[in-house]
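Since the structure comes first, as structure tokens, the remarks are kept for the end.
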Amino acid sequence: MAKLTKLDDIVSLCKRRGFIFQSSEIYGGLASCYDYGPLGVELKNNVKRAWWRASINMRDDVVGLDCSILMHPMVWKASGHADKFADLIAECKKCNTRTRVDHLADKAGKHTEHVPLDTAQKDAQSLVNKVCPSCGTIGQFTDPMPFRLMFETKMGANVDDSMTLFLRPETAQGIFANFKNVVDSTRVKIPFGIGQIGKSFRNEVTTKAFIFRTREFEQAEIEFFCEPGTDEEWYNHWKEFRFNWYVNLGIKKENLRFREHDPDELAHYAKGCVDIEYKFPFGSGDWQELEGIANRTNFDLRQHQRGMRTMNDWYENKGDLGKITLKAEAEDYEKGPLSYFDEQQKKRFIPYVIEPSAGIDRSTLAFLVDAYDEEEVKGETRNLLRFSPALAPTKAAIFPLVKKDGMPEIAHNICDDLRKYFTCFYDEKGAIGRRYRRQDEAGTPFCVTVDGQTLEDKTVTVRDRDSMEQYRVSTDQIKNHLREKLDI
Ligand code: ATP
């Protein structure tokens, strides 16, 4: 039986084998930012490709988009982020560490229930039993205060027209801002979705657990637009669809679960929200959010209609968002610029939206954790990553058994041919057993070895990562054999 994976094992494997490094490590590192090395970038690209393929290419009701990271500041005023995208934090009076109030726990490990910013009890009294996670002092906190999570930056060289912009904290708003463009320029008809993958940035108060929570990360989000009244059905559809995506890519079902949000946890506009949680190996094994799926009603498009109506105030106040109040909704908002005309029913409405919002880095971590395994083989420990073939960074490694008798040439030829179809790795250094073990650790599903018998009968040895079984395949069949096994 596989032993319980510790995050430390994953972190050390990732560094040792070039999956993930600390950002700016040569200068001591930059907290909560990470770089993906040669194997890591292949893995992460495969996660993105698998998401894009399943959610966009394989469906006829979702189209793709790639929005800019920098957007007009009014996008964030209308979405509510400029005023409300903040975490409630409290500072320990002893060690000055600031912690998210909802991450503080009492001695028994009980966390504060989720507290929406608007309604939170904003005094230190509510924290008398809470323990500072940094120094362990109990109940010595300042009054909770909001901390804005968006990073600011400046655009433009001239003082007069330079603007303060935000690095986007989610990719979703770029989709809402392009809803009309997509409807007007394509043949999409409701129900349909728009999906995108891209970087998001949040100045998180507490970062933790490797790439689980970072300040720069990638999201994969879909806004699925549907007619009001059909939203429940689509919400259930997307719940199931997204859950199965993880399972189909190899995550063990017992490590996944749904957590439906309590009504008091929901944003005021949301009709429902569920997290897909994964049992991450932090501490003693902890269920944590992997992806959120929300029924956002027609809130966002309505907000952007209000934003569009407020643009004059934006100019008048020279872009100072703090001085701007969003204009009230037009009475006939259902006929507004972001409404949709249903040709068949001859009616106009603001679509409802179901939003599956996944984290690429967080799911990459889940795929790594779930694939990690250690086995005892002939008295030695074998570390391996049992990635599904679709996610494996390298699909096949090609080895000559020895560096003579023409074996390297044959192996090179095979490798060059296979590279046209999938990622391959050529290796001729060291004992064959060690070469196999290195590929096990990289998660490579198959190794192909050119050996003495190849010279006699033109067959090669194929070795399966998971079973370690070895069998022979003729060189002219190796491409078809592996493509079939890898399903690519
Ligand atoms: P949390 O409560 O953990 O801060 P959230 O509920 O604010 O997360 P969402 O806004 O729903 O997260 O974002 C959707 C997804 O984006 C999350 O499920 C997660 O996979 C990913 N994500 C969000 N914040 C981060 C982060 N700081 N680092 C890595 N991934 C993130």
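Atom set for the values below is all heavy atoms of this structure, side chains included, hydrogens, waters and symmetry mates excluded.
- Ionic pairing of Arg382 and Glu374 is not present here: no N-O contact between side-chain nitrogen and carboxylate oxygen is shorter than 4.0 angstrom.
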Considering only distance and modelled atom types, tabulate donor-acceptor pairs under 3.5 Å from the side chains of residues 22-31, sequence neighbours left out.
residue, atom, partner, partner atom, Å
Gln22, NE2, Leu30, O, 2.7
Gln22, NE2, Cys33, O, 3.2
Glu25, OE2, Lys15, NZ, 3.1

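- Checked against the 6.0 Å centroid criterion, the rings of Phe210 and Phe212 do not qualify as a close aromatic pair.
- Cys132 SG to Leu104 CG: the interatomic distance, rounded to the nearest 0.5 Å, is 8.0 Å.
- Within the 6.0 Å centre-distance limit, the rings of Phe243 and Phe258 are counted as a close aromatic pair.
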Requested in this report: Starting from the C-alpha separation in whole Å, work towards a yes-or-no answer on side chain to side chain donor-acceptor pair (under 3.5 Å) for Gln173 and His304.
Outcome: CA-CA 9 Å; Gln173 296 304 323; His304 286 297; 2.7 Å; yes
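- For the ring-ring contact (aromatic ring centres under 6.0 Å, His included) condition, the pairs that include at least one residue of residues 378-399, sequence neighbours left out, are Phe399-Tyr436.
- Using a 4.0 Å cut-off between a side-chain N of Lys or Arg and a carboxylate O of Asp or Glu, Lys458 and Asp476 do not qualify as a salt bridge.
- Within a 6.0 Å radius of CG in Asp66, other residues, nucleotides and ligands contribute 12 heavy atoms or fewer.
- Heavy-atom neighbours of Lys271 NZ from other residues, nucleotides or ligands within 6.0 Å: above the threshold of 12.
- Of the N and O atoms on the side chains of Asn413 and Asp416, not one donor lies less than 3.5 Å from an acceptor on the other residue.
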Can you give me every donor-acceptor pair (side chain of residues 424-433, partner residue at least two apart or in another chain, under 3.5 Å) with its distance?
residue, atom, partner, partner atom, Å
Tyr426, OH, Glu428, OE1, 2.7
Asp427, OD1, Lys429, N, 3.1

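- Using a cutoff of 4.0 Å between basic side-chain nitrogens and carboxylate oxygens, Lys48 and Glu218 are scored as salt-bridged.
- Not one N or O on the side chain of Glu221 forms a donor-acceptor pair closer than 3.5 Å with the backbone of Ser357.
- Scored by the salt bridge (charged side-chain N to carboxylate O under 4.0 Å, His left out) test, Lys479 finds no partners at all (sequence neighbours excluded).
- In this structure, Phe224 has its ring center under 6.0 Å from that of Trp238.
- Here Val402 pairs with Lys404, Met407 under the side-chain contact (heavy atoms from CB on, under 4.5 Å) rule; sequence neighbours left out.
- Using a 4.0 Å cut-off between charged side-chain N and carboxylate O, Arg465 and Asp440 make no salt bridge.
- Residues Phe179 and Phe225 place their aromatic rings such that the two centres sit under 6.0 Å apart.
- Judged by a 6.0 Å distance limit and a 45° cone about the ring axis, Arg242 is positioned over the six-membered ring of Tyr246.
- In this structure, Met468 places its CE atom where more than 12 heavy-atom neighbours from other residues, nucleotides or ligands lie under 6.0 Å away.
- Between Arg463 and Glu469 there is no salt bridge, since none of the side-chain N atoms of the basic residue sits less than 4.0 Å from a carboxylate O of the acidic one.
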Requested in this report: Any chance you could lay out the side chain to side chain donor-acceptor pair (under 3.5 Å) test for Gln219 and Ser200, step after step, and finish with the verdict?
Outcome: CA-CA 7 Å; Gln219 290 185 306; Ser200 294; 2.8 Å; yes
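- The ring-ring contact (aromatic ring centres under 6.0 Å, His included) pairs that include a residue from residues 449-488 are Tyr471-His481, where partners are two or more places apart or lie in different chains.
- Within a 6.0 Å sphere centred on CG of Asp487, other residues, nucleotides and ligands contribute 12 heavy atoms or fewer.
- The CD atom of Glu232 sits 9.5 Å away from the OH atom of Tyr352 when rounded to the nearest 0.5 Å.
- For Arg16, the CZ atom counts as densely surrounded, since its 6.0 Å shell holds more than 12 non-hydrogen atoms of other residues, nucleotides or ligands.
- With salt bridges taken as basic N to acidic carboxylate O contacts below 4.0 Å, one links Arg386 and Glu375.
- In the displayed structure, Arg53 atom CZ is contacted under 6.0 Å by at most 12 heavy atoms of other residues, nucleotides or ligands.
- Ring orientation note: the planes of His237 and Phe241 are close to parallel, at an angle under 30° on the 30°/60° scale.
- With a 6.0 Å radius and a threshold of 12 heavy atoms from other residues, nucleotides or ligands, Glu240 has its CD atom at or below the threshold.
- For the atom pair CD of Glu254 and CG of Asp370, the computed distance is 8.0 Å after rounding to the nearest 0.5 Å.
- Residues Arg472 and Asp451 are paired through a salt bridge, judged by an N-O separation under 4.0 Å between the basic side chain and the carboxylate.
- Geometrically, Lys44 engages Tyr36 in a cation-pi contact defined by less than 6.0 Å to the ring centre and at most 45° from the axis.
- The pair Arg215-Glu204 does not meet the salt-bridge criterion, since no charged nitrogen lies less than 4.0 angstrom from a carboxylate oxygen.
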Report task. List the steps, then state whether side chain to side chain donor-acceptor pair (under 3.5 Å) holds for Asn46 with Arg49. Result -> CA-CA 5 Å; Asn46 289 341; Arg49 215 170 276 139; 2.9 Å; yes
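- Ion pair Asp8/Lys6 not flagged as a salt bridge, since none of the NZ, NE, NH1 or NH2 atoms sits closer than 4.0 Å to an Asp/Glu carboxylate oxygen.
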